Amino acid sequence: MTPAARLAAAAAVLDSIAQGRQPAEAVLKAWGSANRYAGSKDRRAIADQVYKVLRARGRLVWAMGGREDGRALVIGALSLIDGLSVEEIEALHSGDGYGPKPLSKQERSRISATADELPGWVAAGLPEFVVEDFKETFGDRWAEEAAGLMVPRAPIDLRVNAAKATVDEVETELREAGLSPERTPWSAWGLRLSAEPPPNVQALEAFKAGRIEIQDEGSQIVCWLAGVRPGMTVVDYCAGGGGKTLGLAMQGLAAGASRVEEAAAPERVWTPTGWVDPPAGTKTKQPAPIARAEGRLIACDVVQKRLDNIRPRLARAGVEAELIHLGPNGGGVEDIVGTADVVFVDAPCTGAGTWRRRPEDAWRLKPEDVDRMHSLQTAILTRAAKLVKPGGRLVYVTCSMLRVENEATVDAFEEDHPGFAPVAIAEALNEAAVTDAGRATLSALATGHRLRMSPATTDTDGFFVALYERTA
Ligand SMILES: C[S@@+](CC[C@H](N)C(=O)[O-])C[C@H]1O[C@@H](n2cnc3c(N)ncnc32)[C@H](O)[C@@H]1O
């Protein structure tokens, strides 16, 4: 494809992203499948152009006089981000072949204009109501936090599965596969891969055999703060894709079972009616060992499909868990009420902490979505709290950076639940699978029982966590 044709394709992809709810990555993949003539270099160049625009969208809409279509945003990016002259941009818009049609008078005048003074929220690259929330939360540091959220190419973090390997073993294995993993600074079980060039983690033997999972370091840390120990009853109340379920399971491994003997473990396969042993002599690709945690691990969700999707992940990791499909008002867990040692609430949220990976979500968010999330989170936390036994721990987590979903939600919970006492993050870190640097840094960042991580402060996705112990 010519450079001009790639620009036209990027504009079309941006229009599809704006019209739907699909992640940008999925839209790009679909475009690639529908346009087989595009080679890998073309697809890469188009993806780069698309993400460049998504990360600077607010600024580009502003520069292009309020236009939000893909063509205008691509033209704006060529001028504002790539620094191309009007003539260079015109040359790419000759209308020849599959390239975009010539610039209109209005487009030419927009990119010829000297840059206006940008309002703060436009310069920050976030929606205006988000910037207001950031100012309240971060004070003078708001712009730094906002910039961190829109940085390109967030690294890819892996969590090593203690049931199957050590960090040293996986690090060696990945190096032998030609990758350059580094230890994550805070989580003791994390390895970090550069996003450039993008590694195909799912194709790695270590992934297929369940020795690693893709999990942001911040997400690993919130699991370690749950304080799960062997023998406990642990409820992952909003289990979703099961990422945290697997992290929690790792903490619950009995000391003696922390490494599974692959040869000794029976191979079992998942069928719709449960786990069965395959007939003698059958070879199966199912990862063999089940690292049986002592106690109970229960993963709940209101969406059955999400629970179904956890099964292969559990199987790959060699973990057993009970899966419970919750009713719309939390029905289905009556027998657990007041019995759980740990209830982990990874609440539905706007995902504003992950915008460095999915910048398109920033522009889809409406203020009313955030308020709706706050109400849902408060209701879920209240329901989930009932499952905690006296002396047990309640963990509230979001991957949002917004005060309304974090401080405001736990403020409301604390006011209505005097029987839940705060547990200091610093105290929880003493038992957590973190490095010495992690213990020091995260303790210093915490405000008592609340901790906020972010791209700007911890180089992780944005996470908020609050810890409680049921005292009455
Ligand atoms: C942030 S996601 C969980 C991500 C997951 N813990 C992980 O690490 O992969 C939130 C989940 O909460 C679920 N959810 C939404 N409403 C709920 C409710 N009322 N009760 C329990 N879970 C709910 C959603 O279906 C979604 O899967």
Side-chain angles (χ1 to χ4, degrees), residues 21 23 157-159 161 187 189-190 212-226 228 234-251 297-314 316-317 319 321-334 336-337 340 342-355 357-358 361 365 369-388 394-402 405-406 409 413 453 460-466:
R21 302 287 306 168
D157 291 348
L158 309 173
R159 177 180 50 73
N161 179 3
S187 168
W189 287 95
I212 50 170
E213 276 288 333
I214 299 174
Q215 188 174 27
D216 181 81
E217 188 183 22
S219 176
Q220 297 179 34
I221 287 162
V222 295
C223 292
W224 307 152
L225 287 172
V228 173
V234 179
V235 179
D236 185 5
Y237 194 79
C238 303
K244 312 278 189 319
T245 315
L246 298 175
L248 297 169
M250 208 169 107
Q251 283 191 300
L297 175 61
I298 303 155
C300 308
D301 206 284
V302 286
V303 180
Q304 180 64 48
K305 191 159 181 296
R306 296 206 171 125
L307 291 172
D308 293 341
N309 290 341
I310 298 182
R311 292 188 202 288
R313 287 184 85 178
L314 291 171
R316 198 174 54 233
V319 163
E322 299 163 45
L323 305 181
I324 298 183
H325 181 202
L326 296 174
N329 296 316
V333 283
E334 292 73 10
I336 310 169
V337 169
V342 173
V343 175
F344 193 91
V345 181
D346 186 19
C349 69
T350 58
T354 62
W355 284 347
R357 301 186 191 279
R358 294 179 46 148
D361 287 350
L365 191 66
D369 298 334
V370 185
D371 294 337
R372 197 171 41 80
M373 282 301 170
H374 169 77
S375 307
L376 181 60
Q377 290 153 353
T378 313
I380 289 176
L381 198 47
T382 298
R383 275 178 215 145
K386 295 195 171 78
L387 309 186
V388 184
L394 177 66
V395 185
Y396 176 76
V397 175
T398 71
C399 57
S400 173
M401 298 273 288
L402 302 177
E405 300 183 89
N406 297 328
T409 299
F413 174 77
M453 293 175 274
T460 60
D461 284 350
F463 276 95
F464 176 86
V465 53

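Nothing here was measured: the structure is a model prediction, and the numbers come from that model. In each ligand, atom 1 is the first atom listed, and ligand 1 is the first ligand listed.
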(request) Please round to the nearest 0.5 Å and tell me the distance separating atom CD of Gln220 and atom CG of Leu225. (result) 12.0 Å
(request) Taking all non-hydrogen atoms of both residues into account, name the closest pair between Trp355 and Asp361 and its distance. (result) NE1-CB, 3.5 Å
(message) With nothing but distance in play, are any N or O atoms of Asp236 less than 3.5 Å from an N or O of ligand 1?
(response) no
(message) Nearest 0.5 angstrom please: Glu213 CD to Arg316 CZ, how far?
(response) 5.0 Å
(message) Under 3.5 Å between any N/O of Asp346 and any N/O of ligand 1: does that happen in this structure?
(response) yes
(message) Name the residue from Thr245, Leu248, Ile336, Ile324 that meets the side-chain contact (heavy atoms from CB on, under 4.5 Å) definition with Val235.
(response) Ile336
(request) Give the residue and atom name of whichever protein heavy atom lies nearest to atom 23 (C) of ligand 1, and the separation in Å to one decimal. (result) Val302 CG2, 3.6 Å
(message) I need the atoms of ligand 1 closer than 4.0 Å to a non-hydrogen atom of Ala239, numbered in the order shown.
(response) 5 (C), 6 (N), 7 (C), 9 (O)
(message) Within the 4.0 Å heavy-atom shell around Arg306, which atoms of ligand 1 are there?
(response) 24 (C), 25 (O), 26 (C), 27 (O)
(message) Please list the nearest protein heavy atom to atom 27 (O) of ligand 1 with its residue and the distance rounded to 0.1 Å.
(response) Asp301 OD2, 2.8 Å
(request) May I ask you to identify the nearest protein heavy atom to atom 22 (N) of ligand 1, giving residue, atom name and distance to one decimal place in Å? (result) Cys238 SG, 3.5 Å
(request) Could you tell me which atoms of ligand 1, counted from 1 in the order shown, lie closer than 4.0 angstrom to a heavy atom of Arg383? (result) 19 (N)
(request) Report the residue from Leu314, Asp236, Asp308 that forms a side-chain contact (heavy atoms from CB on, under 4.5 Å) with Leu323. (result) Leu314
(request) Give, for atom OG of Ser219 and atom CG of Leu246, the distance between the pair rounded to the nearest 0.5 Å. (result) 10.0 Å
(request) Return yes when Gly351 approaches ligand 1 closer than 4.0 angstrom through a heavy atom, no otherwise. (result) no
(message) Need the ligand 1 atom indices (1-based, order shown) with element for anything under 4.0 Å from a heavy-atom of Val303.
(response) 25 (O)
(message) Only heavy atoms of Gly243, strictly under 4.0 Å: list the atoms of ligand 1 that pass.
(response) 7 (C), 8 (O), 9 (O)
(request) Taking all non-hydrogen atoms of both residues into account, name the closest pair between Gln215 and Cys223 and its distance. (result) NE2-SG, 3.9 Å
(message) Counting C-beta onward and ignoring hydrogens, is there a side-chain heavy-atom pair between His374 and Leu402 closer than 4.5 Å?
(response) no
(request) Answer with side chain, backbone, both or neither: which part of Leu326 has a heavy atom less than 4.0 angstrom from an atom of ligand 1? (result) side chain
(request) Mind running side chain to side chain donor-acceptor pair (under 3.5 Å) on Gln377 and Thr398 for me, showing each step along the way? (result) CA-CA 9 Å; Gln377 290 153 353; Thr398 71; 6.0 Å; no
(request) Would you kindly specify which portion of Ala347 sits under 4.0 Å from ligand 1, judged on non-hydrogen atoms: side chain, backbone, both or neither? (result) backbone
